[in-house]
Protein chains: 2
Amino acid sequence: MPPRKNSRSHNVTILDVAREAGVSPSTVSRVLNSQDHVRPDKRARVLTAMTRLGYVVNQQARSLAGGRSHVIGLLVHEVGVSYTGEIIRGIEEELVAAQYELMLYTTHRRKTKESTYVATLTRGMTDGLLLLLPLNPQAYLESLHQERFPYVLIDHQGTNEACPAVAATNRRGSYDATSYLIELGHRRIGFITGEMRLGCAVDRLEGYKAALADHGIAFDPALVVEGHFLQPDGYAGANALLALPDPPTAIFASNDVSAFGVMDAVRDHGLRIPEDISVIGFDDIPEAAHVHPGLTTVRQPLEQMGQLATRMLLRQIKDPEYTGERVELPTELVIRQSCQPPRAAREHTTARRRRLKEGYSS
Amino acid sequence: MPPRKNSRSHNVTILDVAREAGVSPSTVSRVLNSQDHVRPDKRARVLTAMTRLGYVVNQQARSLAGGRSHVIGLLVHEVGVSYTGEIIRGIEEELVAAQYELMLYTTHRRKTKESTYVATLTRGMTDGLLLLLPLNPQAYLESLHQERFPYVLIDHQGTNEACPAVAATNRRGSYDATSYLIELGHRRIGFITGEMRLGCAVDRLEGYKAALADHGIAFDPALVVEGHFLQPDGYAGANALLALPDPPTAIFASNDVSAFGVMDAVRDHGLRIPEDISVIGFDDIPEAAHVHPGLTTVRQPLEQMGQLATRMLLRQIKDPEYTGERVELPTELVIRQSCQPPRAAREHTTARRRRLKEGYSS
DNA sequence: GCGGTAACTGGTAGCGTTTTCAAAAATGTT
DNA sequence: AACATTTTTGAAAACGCTACCAGTTACCGC
């Protein structure tokens with residue numbers, strides 16, 4: 001007697017479909033995988049039989065039999081931030097079109113040996129892996145590579161150029177934002193870095209420096225504060241910058257979330273945005289448009305990045321010969337209301353002094 | 001000749017482990033599933049053989065053979081908001097302990113017939129389903145129920161009391177928050193609702209009304225503005241409330257995100273929080289603590305809710321007899337800096353008038 | 001020591017697919 | 001009409017594991 005999974009009634013299998021349609025299981029399988037070499041009339045018979053019986057393919061069996069599992073894995077550090085959400089949206093869009101499912105792996109929870117970890121991911125469960133902004137991917141990247149397991153990095157500047165990856169033009173975006181502030185007339189521009197272990201954070205700092213240099217403005221290390229892409233970092237950083245003897249007239253935060261922290265700090269000092277201090281961010285997460293004043297920021301095409309990465313991964317899965325390359329998507333300066341030219345030197349200082357005093361006394 | 005999956009070398013299976021350890025495949029399987037009835041020495045031999053060979057279990061085969069798939073599905077409306085993120089964190093914690101994996105399904109992307117959809121979910125891929133704040137779950141809830149497929153609702157007030165679900169004491173939390181404001185001395189309290197198709201939003205409005213009634217304050221429909229849990233809703237709602245001839249002295253937003261919108265609007269009116277207007281939220285997402293002033297809010301134990309739901313689901317999977325019940329976790333008022341007593345009537349109005357004028361003129 | 005029970009162990013038949021491989025049918029060619 | 005191709009088809013063997021069924025061994029009380 002065949003063991004039943006549960007007490008549940010017998011699942012309909014391709015055998016049932018085959019019987020119903022009067023063909024062999026092989027033919028049903030061929031129809032399922034939309035292969036050629038099936039006569040149109042039989043294909044139609046199979047299709048109707050499938051709908052009549054309410055057949056649903058069993059992925060487990062399919063993948064065990066040597067097919068693909070039709071699942072890809074997403075390795076992500078933190079879910080629940082807009083940045084991740086936007087990218088996942090892009091991934092899902094592409095996946096649903098390709099009839100693939102998404103397996104979520106969060107890195108912070110893992111304590112097992114990396115090697116085993118990758119093996120687990122690799123073995124059967126998924127056909128490929130998307131690595132979203134990994135902090136230290138060297139460990140598994142190597143195993144992945146030598147196992148020739150399909151993967152794509154998202155938003156990571158690998159040391160290895162050969163890695164299939166998609167990212168945004170971080171350096172360029174940062175350069176543009178800084179130039180924009182300079183062209184508005186700002187000369188002292190504060191900068192709050194991101195998590196400097198991440199290549200994108202380094203690139204953004206470099207873009208800032210390059211823009212300064214190209215416009216003949218000396219780089220002042222006092223204007224750079226280290227952060228980690230978090231709101232409190234922006235808050236603390238801005239506080240430090242505003243306490244400077246000669247504070248900046250604009251602050252560039254390495255991502256929108258920390259820019260929100262900056263905005264809070266600026267307001268806590270009794271200063272107004274953009275009248276007293278201009279603030280600019282990076283990412284263009286949805287909140288940037290919802291905040292008041294609207295945050296001027298550098299748009300990363302997050303959703304598009306997710307889509308592209310997924311397409312690259314799926315292509316790798318289909319065609320083992322294809323090894324994706326590194327792609328950079330263009331950033332774009334999104335101008336909202338959080339920046340304006342600084343006040344003329346004299347008027348500026350007096351007005352700010354007055355306002356600072358007011359702010360502190362309240 | 002056995003067909004090879006790829007050109008990859010032969011995967012190590014339990015047969016290899018069995019040979020290496022000098023036992024039968026059955027014994028290896030028993031060790032894998034940590035069943036009893038295996039002598040310690042053999043178990044040890046198997047374990048060492050497994051590590052020596054670098055064995056990794058093949059989940060597909062395992063589940064196909066009638067075991068569990070060791071995967072649960074999470075049906076979620078929107079990923080990338082803190083609310084979801086916190087809950088997922090809780091889910092993951094529980095899952096990693098139980099050696100389960102997480103499959104992510106986002107609802108918005110689906111256009112297929114519900115019935116097929118559930119069947120797909122049900123068939124093989126996952127052992128159970130977590131439904132996070134589903135908008136209209138009736139469709140699949142029914143099929144799920146009659147298929148006796150394990151599932152747990154998170155943060156949803158089903159019409160059916162029998163549904164296994166975990167939620168927070170929304171009504172009570174809202175009652176507490178409103179009472180707190182009343183006890184501070186507020187009499188006119190604005191309320192911004194959440195998405196009213198969701199039970200939790202309805203409950204929160206009810207809690208607000210109940211607190212008002214219990215304190216002998218007449219309910220004024222003019223003070224209630226409908227929102228959908230989004231930041232712009234809070235902004236627009238607060239603007240509407242502040243434009244009232246007799247504006248509220250405090251605003252209660254149905255979730256933190258819309259409370260942030262309220263804070264923006266209040267500031268745009270040149271008013272200060274909490275001196276001129278008190279603001280209170282609901283959820284206690286991480287940002288609530290990072291914003292300035294810190295947002296007083298009603299804490300939902302989101303992470304804990306995720307954990308509990310997962311535990312309930314896993315228990316259902318293990319024990320088909322067990323049908324989870326509805327559980328409500330207690331909310332807690334988290335007092336930060338965004339509320340204070342309203343100014344005494346006279347001083348209050350003059351001060352606000354002055355400030356309003358200032359705000360508008362700038 | 002002996003039957004009886006309980007703890008172990010191995011053999012093997014599936015689970016539902018895909019994938020050869022070869023046979024059968026259809027098509028084209030002279 | 002006979003032959004050479006090319007499409008279509010079906011049978012059957014995996015894929016790696018679990019679950020059932022016997023068969024072994026170990027333990028216990030007499």
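So you know, we letter chains A, B, ... as the sequences are listed, proteins then strands, and number each from 1. Remember, predicted model here, so these are calculated numbers, not experimental data.
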Contacts of type side-chain contact (heavy atoms from CB on, under 4.5 Å), residue A:A65, not counting sequence neighbours: none
How long is the line joining CZ of A:R68 and C1' of C:dT19, in whole Å? 13 Å
Taking any heavy-atom pair under 4.0 Å as a contact, classify B:L15: base, sugar-phosphate, or nothing. nothing
Suppose we call a contact any N or O donor and acceptor under 3.5 Å apart; does that hold for the side chain of A:S26 and the base of D:dA11? yes
I'd like to check the side chain to side chain donor-acceptor pair (under 3.5 Å) partners of B:T27; sequence neighbours left out, ordered by chain and number. B:S24
I need the full list of salt bridge (charged side-chain N to carboxylate O under 4.0 Å, His left out) pairs touching residues 52-63 of chain B, with sequence neighbours left out, sorted by first then second residue. B:E20-B:R52
Output the rounded distance in Å from CG (A:L32) to P (C:dT19). 12 Å
Filter on salt bridge (charged side-chain N to carboxylate O under 4.0 Å, His left out), then keep only pairs touching residues 22-33 of chain B, sequence neighbours left out; what's left? none
Salt-bridge contact B:R89-B:E86 (side-chain N to carboxylate O under 4.0 Å): yes
According to side chain to side chain donor-acceptor pair (under 3.5 Å), who are the partners of B:T310, at least two apart in sequence or on a separate chain? none
D:dG16 C1' sits how many Å from B:Y55 OH, rounded? 7 Å
Let me know the distance between CG of A:L64 and P of D:dA14, rounded to the nearest Å. 14 Å
Taking five pairs at each end, how big is the angle between the two axes of the helix from C:dG1-D:dC30 to C:dT30-D:dA1, to 10°? 30°
Rounded to the nearest 0.5 angstrom, the CG-OG1 distance for A:L53 and A:T48 is 10.0 Å
Side-chain atoms of residues 313-320 of chain B: list all donor-acceptor pairs with protein atoms under 3.5 Å, sequence neighbours left out, distances to 0.1 Å.
from	atom 1	to	atom 2	distance (Å)
B:Q316	NE2	B:Y151	O	3.0
B:D319	OD1	B:E321	N	3.0

Return no unless some side-chain N or O of A:R62 is found under 4.0 Å from OP1 or OP2 of C:dG16. no
Distance below 4.0 Å between A:N58 side-chain N/O and C:dC15 OP1 or OP2: no
Could you state the CD-P distance from B:Q60 to D:dT18, rounded to the nearest angstrom? 13 Å
Using the 3.5 Å cut-off, write out each protein N or O paired with an N or O of nucleotides 5-9 of chain C and the distance between them.
from	atom 1	to	atom 2	distance (Å)
C:dC8	OP2	B:H37	N	3.4
C:dC8	OP2	B:H37	ND1	3.4
C:dT9	OP2	B:R39	N	2.9

Quick check: on DNA chain C, is the nucleotide nearest A:A61 upstream (toward 5') of the one nearest B:G22, or the reverse? Name the residue that is more 5'. B:G22
Between A:Q59 (CD) and D:dG16 (P), how many Å, whole number? 18 Å
Atom CE of B:M125 to atom C1' of C:dG16: distance rounded to whole Å? 14 Å
Can you pull the salt bridge (charged side-chain N to carboxylate O under 4.0 Å, His left out) pairs that have at least one residue in residues 38-51 of chain B, sequence neighbours excluded? B:R39-B:D41
Rounded to the nearest Å, what distance is computed from the CG atom of residue A:N11 to the P atom of nucleotide C:dC15? 11 Å
